[in-house]
2 protein chains.
Amino acid sequence: MATTRDRQLHDRQLVEQWRSIQNSYFRTAGAIDRALEAKFDIGLNEFEILDLVADSEESACRMKALGERTPMTQSAVSKVVDRLEKAGLVSRQTCVDDRRSLFLELTEEGRALHASAAVEHRALLKENLGS
Amino acid sequence: MATTRDRQLHDRQLVEQWRSIQNSYFRTAGAIDRALEAKFDIGLNEFEILDLVADSEESACRMKALGERTPMTQSAVSKVVDRLEKAGLVSRQTCVDDRRSLFLELTEEGRALHASAAVEHRALLKENLGS
DNA sequence: TGAATGTACATGACGCGTCATTCAATGACA
DNA sequence: TGTCATTGAATGACGCGTCATGTACATTCA
């Protein structure tokens with residue numbers, strides 16, 4: 001039978017666990033964000049989208065699919081893509097079989113930047129996630 | 001000796017691990033945030049500060065100490081406390097031995113709200129963090 | 001076919017966190 | 001004690017994400 005003391009202990013552990021997740025998330029995300037910002041002038045979310053586009057190189061009506069692979073809102077994705085497009089890293093292509101949809105393509109510049117940034121990204125993950 | 005293939009595999013695993021952390025962080029944070037917002041009209045960060053103040057009930061020049069226990073910026077903490085104070089949940093007390101510092105106290109209302117919100121918070125952690 | 005409903009994406013208002021800066025109070029030291 | 005550097009906290013400009021909404025296209029079904 002669970003005593004009050006048991007429950008308090010369990011709660012403490014839960015909260016500890018949560019704080020540790022938060023810290024590791026913020027530490028890692030922050031480090032990557034700052035590094036990418038400094039070296040490539042793009043933020044973490046921009047990179048994440050770039051990364052997703054990069055590794056689904058067979059064509060499809062992307063925007064939609066992207067939203068499903070990231071915790072970002074549809075609206076956030078739209079704005080991130082705005083920025084990527086303005087930066088000339090990605091281009092929106094209209095989709096013939098459903099003209100509401102768009103799919104995305106890396107530009108040459110985008111492909112090049114992604115290649116370098118990915119190295120940095122993986123390195124920082126490795127460093128921050130341990131292993 | 002590590003082959004190119006080895007490195008690619010390892011990178012994939014790293015990225016998978018990272019995405020899983022992101023998802024679990026966003027899912028959990030989002031759920032708690034929405035719930036607290038709906039039932040108690042405070043956000044997750046407000047609660048976190050409330051929670052920190054609540055469990056360091058011996059007095060000290062808090063603001064500073066708070067900043068060290070949370071990934072939030074000093075400036076963010078300051079603004080969160082603004083909101084908590086406006087909501088009447090917390091009050092800033094000037095500190096006699098160092099008049100630059102402030103420490104925080106829960107108001108009666110703050111203490112009450114924290115008690116209820118903490119129950120919800122722990123429940124959602126439990127639900128989302130598994131265990 | 002055409003009205004109703006649903007879907008893909010964009011957009012604007014808004015809230016919040018960050019950075020840089022500021023301000024007051026302290027501390028160090030000549 | 002008067003200067004200079006430092007520290008705790010607040011503030012304003014700014015960027016980004018979210019929510020609610022808008023717009024164009026698609027689908028369903030009578």
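Since the structure is predicted, the reported quantities are computational estimates derived from the model, not experimental observations.
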Minimum heavy-atom distance A:G43-A:L36, with the two atoms named: O-CD1, 4.3 Å
Under a 3.5 Å threshold, yes or no: a donor from one side chain and an acceptor from the other, between B:H114 and B:D51? yes
How long is the line joining NZ of A:K64 and P of C:dC9, in whole Å? 7 Å
Can you measure from CD (A:Q22) to OG1 (B:T28) and round to the nearest 0.5 angstrom? 10.0 Å
Looking only at the side chains, is there a donor atom on one of A:Q93 and A:S91 sitting less than 3.5 Å from an acceptor on the other? yes
Taking the six-membered ring where the residue is Trp, are the ring centres of B:Y25 and A:W18 under 6.0 Å apart? yes
Hey, what bend do you get for the helix from C:dT1-D:dA30 to C:dA30-D:dT1 if you fit axes on five pairs at each end, rounded to 10°? 10°
Taking all non-hydrogen atoms of both residues, which atom of A:T107 and which atom of A:G88 are closest, and how far apart? OG1-O, 2.7 Å
Where B:L124 and B:A31 come nearest, the two heavy atoms and their spacing: CD1-O, 4.1 Å
Can you find a donor-acceptor pair, distance only, under 3.5 Å between B:R100 side chain and C:dT26 base? no
Between atom CG in A:L102 and atom C1' in D:dA24, what is the gap in whole Å? 12 Å
How close do A:R122 and B:L14 get, heavy atom to heavy atom, and via which atoms? O-CD1, 3.6 Å
B:D98 has an atom CG; how far is it from atom C1' of D:dA9, in whole Å? 11 Å
As an exercise, state the distance from CG of A:L89 to CG of A:L106, rounded to the nearest 0.5 Å. 8.5 Å
Using a 4.0 Å heavy-atom cut-off to protein, can you give one letter per nucleotide of nucleotides 11-20 of chain C, 5' to 3': B if the base is in contact, S if only the sugar-phosphate is, - if neither? BBB--SSBB-
A:V119, A:L129: one ILVMFWY side-chain cluster at the under-4.5 Å cut-off? no
Close approaches to DNA chain C from residues 84-92 of chain A, in residue order (heavy atom, under 4.0 Å): A:R92
Could you state the atom-to-atom distance from CZ of B:R99 to P of D:dA10 in whole Å? 16 Å
Between B:S116 and B:F40, what is the shortest heavy-atom contact and its length? CB-CE2, 3.6 Å
